[in-house]
Amino acid sequence: MKHFWLKHRWLRRTIYSFVALLSLCLVALLFVAYIYMPPEDHTHVPAYLRQIQEQHLDHYIDAGNFRLHYLHEGSGEPVVFMPGGGAWIYEFRSIAAALAPHYSVYIIDPPGDGYTTPTAKNPNFTTIYTLDSINQSLLTFMNKLHVPRAVFGGNSWGGGMALYFTEKHPERVIKYVGMDNAGLDLPDPWFYELAKWPVIGEDTMKLSMPTSVDATRQLLEGLLFDKSEVTADMAQELYPPLTFQCNLVSQWVLERNLDWSVTDQLIPKMKTPTLVIWGKQDTIEDSSSYAQRWHQLDPQATIVVLDHAGHLVYDDQPEKVKQLLLSFLAA
C-alpha cells in the first residue's frame, strides 16, 4: 500500500486537495447560514409610508407575538387584507384606494414582512412564526380594535394566513378573498423547497434576497406578466423592509412552519362566501393547478383566472380586480 501511494503521488494530492476544498465549502456554507447577515438599509423611508403617516392612516398595535403595522382608511363594513411574503402595505395601495370610499379598510403587514415586528426583543422565531401564532395575533387585532366581523383576504402567504383565520373563526369572517393565495396542499417551486432544508435554506434566502433597488426591480419583474409595469419607484418603495433582519429570518422559518395541508383539509368545511382571483401567467403558483384544486375543495367558490396577469394579479389587471372585489363585496 505504501508503495502504491508513493507511485501515485498525484492521486494523493488530488484527494487531499478535494478534501480541503470540500472542507472550505462546508465552512463557507455554515458561516453564511449561521453567522453572516446582510446589512439592513434604514437610509430610505418609502414615500408611501411618509404619505400615510402624514394622513394619520398609519398605525401599530401589539397583538399576540407581533407588533402589527397596519393602515386603516374609510368607514363602513370592515375589510382586512394582507399582502404576500416580502411585501408590505404599499403593495395594496390601489386596492385600499378603491375600497376605502365604501368600506372600513385595514391593510396589515403580515408577520415576517414590512414594518410588523415581533414584540419580544430576542424572540424564538420557530415558535412565533406559525399559523396558530399568526392566527392568535389576528384575533387579538380584531378584538382590540372592536371589529366583530370583517371580510378577510390577501395575496400569496398573506392570503393563506387569512384563509386559516377564516377556517378557525368563521363567525368573525363575512367573506373570504384570495388573490394568488397560499393555503392549498400543492408543491412549492423548487427554490422555496430548498428553504425548508437546514443550512441550505438559510444560505439560499440570505444570498437570494435583493441587496439593492435594481435587484428588487428584477424580483418584481419575475412576479408580473407585464415587466414594463415595474418602475424604479416601485422597487424603491418595496426594497427597505426586505433588508430587515427579522424579515429575512422569517422567510425560511415560515417556509418550514406554514403547513398548508392543514388549511387545505379545512376548505371543504368552509361555509364562508369565497372569491378567488388568479393570474393565468403566475410563475410562483401555477394557475391551472391551483384553480382546479379550489374547484375540487370548494365547488361553491367564485374562481376567476385573469389572462395577462402574474402572481401580483392586482398590479397586472388592477381595474378588473377592483371591479371583481367591489361586485363581490357588495353582493
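Excluded from the calculations below are hydrogen atoms, water molecules and symmetry mates; all remaining heavy atoms, backbone and side chain alike, are included. Along the sequence shown, residues are numbered consecutively beginning with 1. Keep in mind that this is a model prediction, so the values were computed, not measured.
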Show the nearest heavy-atom pair for residues Glu91 and Pro83, with the distance to one decimal.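 Glu91 and Pro83 have their closest heavy atoms at CB-CB, 4.0 Å.
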
If you look at every heavy atom in Thr283 and Gly222, which pair is closest and at what distance? OG1-O, 3.0 Å

Just wondering, do Leu163 and Leu266 contact through their side chains at under 4.5 Å, heavy atoms? no

With sequence neighbours excluded, residues passing side chain to side chain donor-acceptor pair (under 3.5 Å) with His42: Glu40

By side chain to side chain donor-acceptor pair (under 3.5 Å), which residues pair with Asp188, not counting sequence neighbours?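 Here the qualifying residues are Lys196.
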
I'd like to check the salt bridge (Lys or Arg N to Asp or Glu O under 4.0 Å) partners of Arg293; sequence neighbours left out, ordered by chain and number.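 Scan of Arg293 (salt bridge (Lys or Arg N to Asp or Glu O under 4.0 Å), adjacent residues dropped) gives Asp264.
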
Could you check whether the rings of His72 and Tyr106 sit parallel, tilted or perpendicular, using 30° and 60° as the cut-offs?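 Rings of His72 and Tyr106: parallel, as their planes differ by under 30°.
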
Quick one: pull up NE2 in His59 and CD1 in Ile52 and give me the separation to the nearest 0.5 Å.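 Result: 8.5 Å between the selected atoms.
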
CD of Glu167 to CE of Met270, rounded to nearest 0.5 Å, is 6.0 Å

Check whether [X] reaches the backbone of [Y] with its side chain - one donor and one acceptor, N or O, closer than 3.5 Å.
| X | Y | value |
| --- | --- | --- |
| Asn247 | Gly114 | yes |
| Thr243 | Pro240 | yes |
| Ser133 | Tyr129 | no |
| Asp298 | Pro268 | no |

With Lys175 via side-chain contact (heavy atoms from CB on, under 4.5 Å) - residues at least two apart: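 For Lys175 the side-chain contact (heavy atoms from CB on, under 4.5 Å) partners, ignoring immediate neighbours, are Val151, Pro273, Phe328, Ala331.
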
Using the test side-chain contact (heavy atoms from CB on, under 4.5 Å), find all partners of Thr302 that sit at least two apart in sequence or belong to another chain.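 Residues passing side-chain contact (heavy atoms from CB on, under 4.5 Å) with Thr302: Leu275, Val304.
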
Hey, is Arg50 close enough to Glu237 for a salt bridge, meaning N to O under 4.0 Å?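 Salt bridge: no.
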
Qualifying ring pair (Phe, Tyr, Trp, His ring centres under 6.0 Å) pairs, either residue in residues 294-324, two or more places apart: Phe92-Tyr314, Phe225-His308

My understanding is that only one of Phe141, Phe152, Tyr176 makes a ring pair (Phe, Tyr, Trp, His ring centres under 6.0 Å) with Phe165; could you say which? Phe152

